[in-house]
Every structure is written in C-alpha cells, then in structure tokens.
Amino acid sequence: MLLVVLGFLVLVAHLEFKGKDIISIEDFSQQEINHILDVSKSMESLARGGSDMLRGKILATLFFEPSTRTRLSFETAMLKLGGGCIGFAEPDLSSTRKGENLADTIRTVENYAEVIILRHRLEGSAKLAAEFSKVPIINAGTGAEEHPTQALIDLYTMRKEKKRIDGLKVAIVGDLRYGRTVHSLAYALALYNVELHLVSPETLRMRKDVLATIKDKISVTEEASIEKIIPQIDVLYVTRIQKERFPDATEYAKVKGAYRIDLKTLSSAKEDLIILHPLPRVDEIAPEIDAMPQARYFQQVWNGIVVRMALLSLVLGAVQ
Ligand code: CP
C-alpha cells in the first residue's frame, strides 16, 4: 500500500509544470509530453472562444533572431488566455545594441513578466538564461541546437491527424545538421514506438550526438533519397536548408534545392500520407502541393497556438 501511495506521489510530482523552464525536449518524459498534448487539445475551444485564465499575467518575447510563427503564436496564445505581451523582435532596438549581456537582459525583464520566451542564435543561451531567471524561460529556438515547442506542435499535429504516434513511420527530410526543429523532433519521436527515416545530403546528416541518443531507442535509417522510402511512410516532415547557418556560401550552393516535394514525389506515396513542415519554406515544397489533402503544414500553424496556450497555462500554474 505504501508503495502504491509513494508511486502516486512520484507520478503527481513528475507532472508538475508550474514554474518549469522549457529548454530541451530531452527534459521531458513521454508521460509529460502526452499530458502537454492532452492539455493542448483542451485549448482548442478556448483558442476559438477566448478565456481570461491568465488575466494579469505578462509574457515577454525576447527575439534575437527573426521569427514569424513562434513569436506571433506565443503572443496570440497569451492574448487568447487574457494575458498581456511585451518584448522585442529586433535586438538592435534593445540595449543589447549598447553592449548589455543576456544575463542582465534576463535579470531586467524578469521584473516585467511572469514568463520569458527567448530565441537566440547561440546554442546554450536558453539554458544560460534559465540559470539567471526567477521566471520560467521557454526556448523558442537556440541556434542549430533545439526548438522544443515546435517539436510539441509537430507531435500534436501527428496525433491529431493520424490519431496516434506509436506505430508511425516518419521521414524527416532536408537539413538535419543545422535545422534545430529536427533535433528536438528526433529526440521527441525517440520516446515513442516509431520507425524513423532521416533523409539528407551527405553533408547535412543528423548531428552525431542526436543520432547516438535516438539510435539507442528506436529504429533509424539514414538515406540520401526520398524515392526509396516514400511508399512506406505515414508522415513526411520536410525542412528548409538553413542558408543562414552555413559557414561557407559554396557549401550551401552545393545542397541548395537538394529536395523538392511535388506531385511526382507523391505519386508513389500512401494515400493517407501527411506532409508537415515547421515553416518557413523556400522551395522544398512545390506550391501545387498546398491544395493536396496530404498538405498539413498550415494546420500545423494553428496547432502552434493551442500547444503554446497549453504551455503557458501549465508553466504559469493555471492548469495542472
Ligand atoms: N517554425 C518556426 O520556428 O517559425 P518561425 O521561425 O517563423 O518562428
């Protein structure tokens, strides 16, 4: 009996999100991720109808790199929950321009806001910010390292569209070296029973540290071509070649346009394949695909609002 009670207490403690930083998807168990996805589902009606669940709370967005979806969807999520937003999308208009360091920026903004959303070009910056912050830090993308909230949106979209995550055959295509969303997604998928196919040019293969972690947990193949694997997969996750992260322009020129999903690509795919993309896209998905039933990347954008509503309400303790 004592063991049962202790087990229950451990379970409850395990699912405590209030005050938690969201730095890496590796910090979460499958049980915690499933809980976030369940709360996200419960946010669908609030996203349409509005709520005052977070009235009086303020969200700060500190974006040291460009963004459309992540910043605007976090702000939308907070506004739909009745809270307010402050922040900057252009660091050159902040005191960073005058030489202020990240730690001092965080120790300033924590006085203004109950939660801080940080995007930064440097790997490790979200972790550093969390060490200085009294309020939760949510990693909105750190260099080529991780983008954990995007991975939660990707999982939510898979579960919503395919009614499950376990048993899926997923292909991740594109820039697996510099793309941060694919690192977080690979870690997250490795918590489930999925078959993962990594498709990239030789020079943009999945980072060795990520590969070592996921290969221990799930079946992973590395491929150079989509054609071979497309007939068997359930989810095609396409990513942009991250031009801005290449140290050498000639290396980018060699892989630019390496993959392009078009109607011909889909001709051998399963009828119920879904195509996801964290966006922005450049030329890796032909516009003709947008009208196809397989295209789910703009639904993914909507899902970004509900997942981020869930994360804000959890870390601010409005839901458990
Ligand atoms: N998916 C994503 O991170 O998009 P943004 O760069 O527009 O925020």
Side-chain angles (χ1 to χ4, degrees), residues 21-25 36 40 43 47 50 54 57-97 100 102 105-106 108-110 112-123 125-130 133 135-154 156-157 179-185 239-240 242-245 276-282 297-316:
D21 302 304
I22 297 176
I23 306 300
S24 165
I25 207 77
I36 294 169
S40 302
M43 292 289 159
L54 295 182
K57 304 290 186 193
I58 293 179
L59 162 104
T61 49
L62 311 186
F63 275 59
F64 292 83
E65 279 197 331
S67 168
T68 296
R69 279 146 292 272
T70 309
R71 186 174 65 83
L72 294 181
S73 64
F74 263 116
E75 291 181 359
T76 302
M78 192 55 158
L79 294 171
K80 282 179 180 287
L81 291 169
C85 305
I86 59 168
F88 57 77
E90 175 47 75
D92 273 357
L93 297 179
S94 77
S95 286
T96 305
R97 182 72 192 265
E100 183 167 67
L102 180 61
T105 302
I106 294 295
T108 300
V109 176
E110 69 181 4
Y112 308 145
E114 277 73 30
V115 56
I116 296 174
I117 317 299
L118 176 73
R119 172 170 287 190
H120 203 285
R121 70 185 171 78
L122 292 179
E123 297 188 9
S125 52
K127 188 166 184 290
L128 177 93
S133 181
V135 302
I137 297 287
I138 299 183
N139 178 359
T142 39
E145 183 183 38
E146 274 217 54
H147 193 348
T149 67
Q150 180 64 51
L152 293 167
I153 295 163
D154 302 336
Y156 182 74
T157 307
R180 55 193 169 205
T181 69
V182 299
H183 301 147
S184 294
L185 180 58
T239 63
R240 176 178 66 93
Q242 310 271 309
K243 181 181 181 185
E244 68 277 21
R245 303 209 189 280
L276 306 184
H277 192 310
L279 304 178
R281 76 171 144 179
V282 182
Y297 28 92
F298 289 111
Q299 283 87 339
Q300 229 174 323
V301 173
W302 165 264
N303 295 337
I305 301 170
V306 296
V307 170
R308 287 172 174 141
M309 286 172 76
L311 290 171
L312 293 175
S313 57
L314 284 163
V315 301
L316 293 174

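Note: hydrogens, waters and symmetry copies are ignored here, and every other heavy atom, side chains too, is used. Here, residue 1 is the first one in the sequence, and each next residue gets the next number.
One finds the OG1 atom of T61 at 8.0 Å from the CD1 atom of I86 (value rounded to the nearest 0.5 Å). Taken to the nearest 0.5 Å, the CG atom of L118 stands 12.0 Å off from the OG1 atom of T70. With rounding to the nearest 0.5 angstrom, the NE2 atom of H277 is 8.5 Å from the OG1 atom of T181. Put simply, CD1 on I58 and CD on E114 are 6.0 Å apart, with the number rounded to the nearest 0.5 Å. For the atom pair CD1 of I23 and CG of N139, the computed distance is 6.0 Å after rounding to the nearest 0.5 Å. Rounded to the nearest 0.5 Å, atoms OG1 (T142) and CD (E123) are 6.5 Å apart.
Formation of a donor-acceptor pair under 3.5 Å by the H183 side chain with backbone atoms of A144 is found in this model. Although no hydrogens or angles enter the test, the distance criterion places a donor-acceptor pair under 3.5 Å between the side chain of S73 and the main chain of R69. Counting only distance, with no hydrogens or angles, the side chain of Q300 and the backbone of D154 share no donor-acceptor pair below 3.5 Å. No donor-acceptor pair under 3.5 Å is formed between the side chain of N303 and the backbone N or O of I153. Without hydrogens or angle criteria, Q242 side chain to E244 main chain gives no donor-acceptor distance under 3.5 Å. S94 places a side-chain N or O within donor-acceptor distance of the main-chain N or O of P91, the cut-off being under 3.5 Å.
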task: Start with the C-alpha gap between M43 and L81, add the side-chain angles, then the distance that decides, and say whether side chain to side chain contact (heavy atoms under 4.5 Å, CB included) holds.
output: CA-CA 10 Å; M43 292 289 159; L81 291 169; 4.2 Å; yes
### Task
Go through the steps for I117 and T149 under the test side chain to side chain contact (heavy atoms under 4.5 Å, CB included), then give the verdict.
CA-CA 11 Å; I117 317 299; T149 67; over 6 Å; no
* Asked: Given the rule in the side chain to side chain contact (heavy atoms under 4.5 Å, CB included) test, do L59 and L54 qualify, once you have shown the distances and angles that lead to the verdict?
  -> CA-CA 10 Å; L59 162 104; L54 295 182; over 6 Å; no
ask   = Checking side chain to side chain contact (heavy atoms under 4.5 Å, CB included) for the pair F64/L122: CA distance, chi angles, key distance, verdict?
value = CA-CA 10 Å; F64 292 83; L122 292 179; over 6 Å; no
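At least one side-chain heavy atom of I138 sits under 4.5 Å from a side-chain heavy atom of L312. Side chains of T68 and P280 form no contact here, defined as non-hydrogen atoms less than 4.5 Å apart. Contact check for L279 versus F298: side-chain heavy atoms found under the 4.5 Å cut-off. Taking the side chain as every heavy atom from C-beta outward, P136 and I22 never approach each other to under 4.5 Å. The shortest side-chain heavy-atom distance between L102 and S125 falls under the 4.5 Å cut-off. You'll find the side chain of L152 reaches within 4.5 Å of the side chain of I25, heavy atoms only. Considering only heavy atoms from C-beta on, K57 comes within 4.5 Å of M78 through its side chain.
Looking at every heavy atom in both residues, V282 comes nearest to R240 through CG2-CD, 3.4 Å. The shortest heavy-atom contact between E110 and I116 is N-CD1, 4.0 Å. Among all heavy-atom pairs drawn from S184 and E146, the shortest one is OG-OE1, 2.6 Å. For the residue pair A113 and A60, the shortest heavy atom distance occurs at CB-CB, 3.7 Å.
Residues satisfying the salt bridge (Lys or Arg N to Asp or Glu O under 4.0 Å) test with R119, not counting sequence neighbours, are none. Shown here are the salt bridge (Lys or Arg N to Asp or Glu O under 4.0 Å) partners of R71, two or more places apart in sequence or in another chain: E75. Not counting sequence neighbours, the partners of E65 by the salt bridge (Lys or Arg N to Asp or Glu O under 4.0 Å) test are R180, R245.
Residue Y112 qualifies as open at atom OH: its count of foreign heavy atoms under 6.0 Å is 12 or below.
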